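This report concerns only the one structure given below.
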2 protein chains.
Amino acid sequence: MNEPRWLTEDEQRIWRAYTAATKLVGERLDRQLQRDSGMPATYYEILVALSEAPNRELRMSELAEFTRSSRSRLSHAIARLEENGWVVRRSCPTDKRGSFASLTEVGYSVLRAAAPGHVAEVRAALFNGLTAEQLRQLGEIAEAIRDHAGAGCPAASCDGD
Amino acid sequence: MNEPRWLTEDEQRIWRAYTAATKLVGERLDRQLQRDSGMPATYYEILVALSEAPNRELRMSELAEFTRSSRSRLSHAIARLEENGWVVRRSCPTDKRGSFASLTEVGYSVLRAAAPGHVAEVRAALFNGLTAEQLRQLGEIAEAIRDHAGAGCPAASCDGD
DNA sequence: AGGGTTCAGTTGAGAGCTCAACCAACCAGG
DNA sequence: CCTGGTTGGTTGAGCTCTCAACTGAACCCT
């Protein structure tokens, strides 16, 4: 096979800015949550997903889908959250293989306490640096990437296969 | 203190698309490199930075800056890369505290072998889903975020202080 | 010189993630 | 039934990352 199609100088500049930006934002968010609320960003997202679900609980597989997490990662995470007393597992009555993750009252208040700082950090790290127009563009671009990259890689949130 | 400034519905939509998109892209890239070349994306970036440096070597602290990595992470990473024989440490003659990380021939060929697949995945995961105009916008947005988020958080690549 | 401070880098413990293997319950088809 | 495959979820090992503590070298200031 012949020479691959390398990135042009422009593409390389964009790619490097992209990785730098996303890395910085991700690290800021993670650091803030860890420092102020004692949880990584992924756990925060789990709590958010649960808090928005009817009855504040979800099947593990649905939760995995919402949070775009592998089942394995989620399982480990829920185990940790359960240790903290923020979540409890409930076994599913109709399908004995399944289980629900259910947000506890404690978990809910931890989430409520964490939210303001998190939102502030989102603004500080991402939104405040952009014009309104750029923000709008970013939304469209992110949606395009999400739909495109998600389609091209079905294994993104699956374990084995 | 009073009610924090929550995200509007639009802002929330943008934020969620952003996290979804960046997570998907990051995971695709990482997965591809791990599968095809046996290294995480962060190690790839280290090898790239070294390969572009004069004499293919850099001081640890410079390398940390280029790769936007904490000194600690880099130290662990270089230890691992040294085990693989892809990098060697050289102590600095003029400053006995310092050390250089130096890309070996083996490391260089591993990098050359990994590059085509990586570039293809960058295109597949990110570029191919966007119009030329969106790509241009993404570049500007990413630069704005990088400069803004980097400034607001000096601790991003420092250990203790 | 001598003493404190800063600087470059390392180390170890603890935590989260990935991958592959696994188990148990459901579901077909014969 | 019961057998084979699929599905829902868990587990453990290995790896990377973070955070904090630490070492030793350089610098500064009298």
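The model shown is predicted, which means the values in this text are computed figures rather than measured ones. Every chain is numbered from 1, with letters handed out A, B, ... down the list of sequences.
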Problem set entry | Side chain of B:R89 - closest among D:dG12, D:dT16, C:dT10 | C:dT10

Problem set entry | Most 5' of A:Q34 and A:F100 on DNA chain D, judged by nearest nucleotide | A:F100

Problem set entry | Donor-acceptor pair, side chain of A:D30 and main chain of A:A41, under 3.5 angstrom | yes

For this session: Whole angstrom is fine here: how far is it from NZ in A:K96 over to P in C:dC27?
Result: 12 Å

For this session: Using side chain to side chain donor-acceptor pair (under 3.5 Å) as the criterion, list what pairs up with A:N128, not counting sequence neighbours.
Result: none

Problem set entry | ring-ring contact (aromatic ring centres under 6.0 Å, His included) contacts in which one or both residues fall within residues 104-143 of chain B, not counting sequence neighbours | B:Y44-B:H118

For this session: Select from A:P40 and B:S75 the residue whose nearest nucleotide in DNA chain C is closer to the 5' end of that strand.
Result: B:S75

For this session: With sequence neighbours excluded, tell me which residues meet salt bridge (charged side-chain N to carboxylate O under 4.0 Å, His left out) with B:R80.
Result: B:E83

Exercise. Can you check the A:E62 CD to D:dT7 P distance for me, whole Å?
Worked result: 16 Å

Exercise. Does the C:dG12 base have a donor-acceptor partner in the side chain of B:H76 within less than 3.5 Å?
Worked result: yes

For this session: Considering just the side-chain nitrogens and oxygens of B:R73, establish if one lies under 4.0 Å of OP1 or OP2 belonging to D:dC19.
Result: no

For this session: Give the rounded distance in Å between these two atoms: CD1 of A:I78 and P of D:dT11.
Result: 13 Å

For this session: Figure out the CD1/C1' separation between B:I46 and D:dT16, and round it to whole Å.
Result: 11 Å

For this session: Send over the distance from A:R80 CZ to D:dT11 P, rounded to a whole Å.
Result: 15 Å

Problem set entry | Any N/O donor-acceptor pair, A:S72 side-chain to D:dT11 base, under 3.5 Å | yes

Could you list all N or O pairs between the protein and nucleotides 3-8 of chain C that sit under 3.5 Å apart?
residue	atom	partner	partner atom	Å
C:dC7	O2	B:R97	NH1	3.0
C:dA8	O3'	B:R59	NH2	3.4

Exercise. Nearest-Å distance, CE (B:M39) to P (D:dT16)?
Worked result: 12 Å

Exercise. How would you list, by chain and number, every residue that makes a side chain to side chain donor-acceptor pair (under 3.5 Å) with A:E52, sequence neighbours excluded?
Worked result: B:R16

Problem set entry | NZ/NE/NH1/NH2 to OD/OE distance under 4.0 Å, A:E121 and A:R31 | no

Exercise. Taking atom P of D:dT7 as reference, at what distance in whole Å does atom CG of A:L74 sit?
Worked result: 19 Å

Seminar exercise, completed: Those residues at least two apart in sequence (or on a different chain) that pass side chain to side chain donor-acceptor pair (under 3.5 Å) with A:E133 are A:R136, A:Q137

For this session: Can you tell me the distance, in whole Å, between the CZ atom of A:R35 and the P atom of C:dA15?
Result: 19 Å

